[in-house]
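Being a predicted model, the structure only gives us computed values, none of them experimental.
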Amino acid sequence: MIHLTGNQDLITAFVDSIDTFLFDCDGVIWHADVPVDNVIKVLSQLRTMGKRILFVSNNSTKSRRQYLKKFNQLNIEAYTNEIFGSAYAAAYYIKNTLQFPSDKKVYVCGMEGIQEELDSEGIKHCGASDDDENLHNLNEMSTIKDDPGVGAVLFGFDLNINYKKLAKAFTYLYSNKDCHFLATNSDLTFPAGGTVYPGTGALLAALSAPLERKPLILGKPEATMMEVIVDKYHLNRERTCMVGDRLDTDILFGQQGGLKTLLVLTGVTPSVGLEKQSIKAEYVIDSLGNLFK
Ligand code: PLP
Ligand code: CA
């Protein structure tokens with residue numbers, strides 16, 4: 001592990017060795033709705049140096065358009081084609097890798113961000129907000145039947161997850177072994193407001209456990225997300241660095257994908273005990289804001 005904090009020679013050599021930076025967002029670029037100190041300046045300096053910038057997030061609740069709105073609100077320069085969230089990764093994969101038949105639809109457990117990205121790729125879908133209402137008694141279970149028109153179930157974070165959505169997703173996957181089982185990410189927790197809450201992976205377990213079937217996961221640290229990014233941006237992996245605050249998603253993602261990795265200590269990973277962690281980043285800095293003054 002190379003500690004970059006305060007060592008300008010090491011920082012210069014590191015930055016010179018990289019053409020493309022993949023940035024995780026929460027804990028690296030911002031904390032909820034506040035940019036990390038000096039990060040706006042660092043990103044603009046990297047752009048001036050001709051570096052390519054991509055933003056890679058596991059948060060499936062936002063589409064690229066919604067992310068762009070957030071970047072604009074925080075006065076952080078960003079462009080739609082630099083934003084790569086797990087909702088978009090899933091839509092891109094369904095369209096380009098699965099070459100999803102136009103007569104099939106995707107059943108979605110998730111929110112507006114996923115619906116918007118599927119629309120942007122011209123993929124038919126159902127579920128999500130259409131199924132936000134709860135079932136009220138067991139007799140209503142009989143309304144849940146297999147639908148041969150559903151060719152894939154896509155599971156993402158859903159604040160309104162309910163039994164109806166789980167039962168529908170289960171039925172499609174249980175009845176039809178050819179129905180694709182996809183998930184935007186599998187984070188068991190996500191950080192918010194200084195604590196953590198159950199994440200997509202926690203909700204997903206309610207579906208994958210009874211199905212005894214694991215989904216293909218489109219988020220970090222899975223290789224599929226890396227393949228989608230490499231396919232879209234034609235990255236030279238040796239000159240690309242994944243910058244993140246979480247070892248088991250961001251840093252593992254970069255390592256398994258053959259990228260350089262930079263851990264920042266402004267997010268979920270504490271500075272103490274780094275040497276004892278099984279996943280080790282190649283580079284560490286206390287904050288992305290301290291790459292340049
Ligand atoms: N999933 C949800 C629902 C989130 O809100 C977040 C972060 O805010 C994440 C996942 C993790 O996102 P990232 O990869 O940007 O840290
Ligand atoms: Ca993060």
Side-chain angles (χ1 to χ4, degrees), residues 22 54 56-67 80-81 83-131 145-158 161 165-166 168-187 200-201 203-205 207-208 210-235 237 249 253 256-257:
L22 269 49
L54 302 175
V56 182
S57 173
N58 268 4
N59 182 351
S60 66
T61 65
K62 280 188 167 55
S63 63
R64 289 163 298 161
R65 184 192 62 81
Q66 291 167 314
Y67 267 113
T80 308
N81 65 0
I83 300 170
F84 206 91
S86 59
Y88 177 59
Y92 187 98
Y93 178 85
I94 291 168
K95 179 169 181 182
N96 298 292
T97 306
L98 288 188
Q99 301 194 335
F100 201 61
S102 58
D103 60 334
K104 294 273 182 186
K105 59 195 168 184
V106 176
Y107 182 75
V108 179
C109 291
M111 302 181 72
E112 207 189 326
I114 295 180
Q115 293 172 296
E116 224 179 277
E117 293 295 17
L118 290 173
D119 285 337
S120 77
E121 298 299 303
I123 299 161
K124 282 194 246 157
H125 57 89
C126 55
S129 51
D130 292 344
D131 284 332
K145 294 192 174 67
D146 184 28
D147 178 350
V150 173
V153 167
L154 173 57
F155 197 99
F157 189 72
D158 190 340
I161 191 71
K165 290 180 188 176
L166 288 171
K168 280 189 156 188
F170 178 90
T171 302
Y172 303 139
L173 292 163
Y174 185 77
S175 319
N176 179 5
K177 301 294 175 229
D178 293 330
C179 182
H180 296 279
F181 185 15
L182 309 170
T184 55
N185 61 311
S186 58
D187 311 28
T200 312
L203 310 178
L204 188 57
L207 193 55
S208 51
L211 279 169
E212 296 180 8
R213 202 173 149 182
K214 286 199 187 331
L216 181 86
I217 294 162
L218 275 307
K220 298 172 286 186
E222 302 300 326
T224 311
M225 189 189 225
M226 185 65 76
E227 283 156 19
V228 171
I229 292 176
V230 171
D231 179 68
K232 183 170 156 100
Y233 299 99
H234 307 290
L235 300 180
R237 297 185 195 221
T249 54
F253 175 66
Q256 289 178 343

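Considering every non-hydrogen atom in both Ile123 and Val106, the closest pair reads CG2-CG2, 3.6 Å. Asp187 approaches Lys220 most closely through the heavy-atom pair OD1-O, 4.5 Å. Between Thr200 and Phe157, the shortest heavy-atom contact is OG1-CB, 3.4 Å. Closest non-hydrogen pair, Ala89 versus Phe84, comes out as CB-CE2, 3.4 Å. Here the closest heavy-atom approach between residue Ala91 and residue Glu121 is recorded as CB-CG, 3.7 Å. Heavy atoms only, all atoms of each residue included: Glu222 and Ile217 are closest at CB-O, 3.4 Å.
Applying side-chain contact (heavy atoms from CB on, under 4.5 Å) to Phe155 and the options Ile114, Asn185, Ile161, Val108 leaves one that passes, Ile161.
Annotation: the span from Ser186 atom OG to Leu218 atom CG amounts to 11.0 Å, rounded to 0.5 Å. Rounded to the nearest 0.5 angstrom, Phe253 CZ and Ile229 CD1 are separated by 4.0 Å. Atom CE of Met111 sits about 12.0 Å away from atom OG1 of Thr184, to the nearest 0.5 Å. With rounding to the nearest 0.5 Å, the separation of OG in Ser86 from CG in Leu182 is 12.0 Å. One finds the CG atom of Leu207 at 13.0 Å from the OH atom of Tyr174 (value rounded to the nearest 0.5 Å). From Phe170, atom CZ reaches atom OG of Ser175 across 8.5 Å, with rounding to the nearest 0.5 Å.
Judged purely by atom type and a 3.5 angstrom limit, Lys95 has no side-chain atom pairing as donor or acceptor with the backbone of Phe100. For the pair Gln66 (side chain) and Ser63 (backbone), a donor-acceptor distance under 3.5 Å is present.
Both the sub-6.0 Å distance and the 45° axial angle are not jointly satisfied by Arg213 relative to the ring of Phe181.
Donor-acceptor pairing under 3.5 Å is recorded for the side chains of Ser57 and Tyr67. In this structure, a donor-acceptor pair under 3.5 Å is absent between the side chains of Tyr107 and Asp147. No hydrogens or angles considered: a donor-acceptor pair under 3.5 Å links the side chains of Arg64 and Ser120.
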- Message: Could you walk me through whether Arg65 and Glu116 satisfy the side chain to side chain contact (heavy atoms under 4.5 Å, CB included) test, starting with their C-alpha distance in whole Å, then the side-chain angles of each, then the deciding distance to 0.1 Å, before giving a yes or no?
- Response: CA-CA 9 Å; Arg65 184 192 62 81; Glu116 224 179 277; 2.8 Å; yes
- Hey, mind stepping through Val150 and Lys105 against side chain to side chain contact (heavy atoms under 4.5 Å, CB included) and telling me if it holds? CA-CA 5 Å; Val150 173; Lys105 59 195 168 184; 4.0 Å; yes
- Item | Asp119 and His125: CA distance, side-chain angles, deciding distance, side chain to side chain contact (heavy atoms under 4.5 Å, CB included) verdict | CA-CA 8 Å; Asp119 285 337; His125 57 89; 2.9 Å; yes
- Task: Before giving the answer on side chain to side chain contact (heavy atoms under 4.5 Å, CB included), spell out for Thr224 and Thr97 the whole-Å C-alpha distance, their side-chain angles and the decisive distance to 0.1 Å.
- Result: CA-CA 10 Å; Thr224 311; Thr97 306; over 6 Å; no
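In this structure the side chain of Tyr93 never reaches within 4.5 angstrom of the side chain of His180, judged on heavy atoms.
Partners of Tyr233 by ring pair (Phe, Tyr, Trp, His ring centres under 6.0 Å), not counting sequence neighbours: none found.
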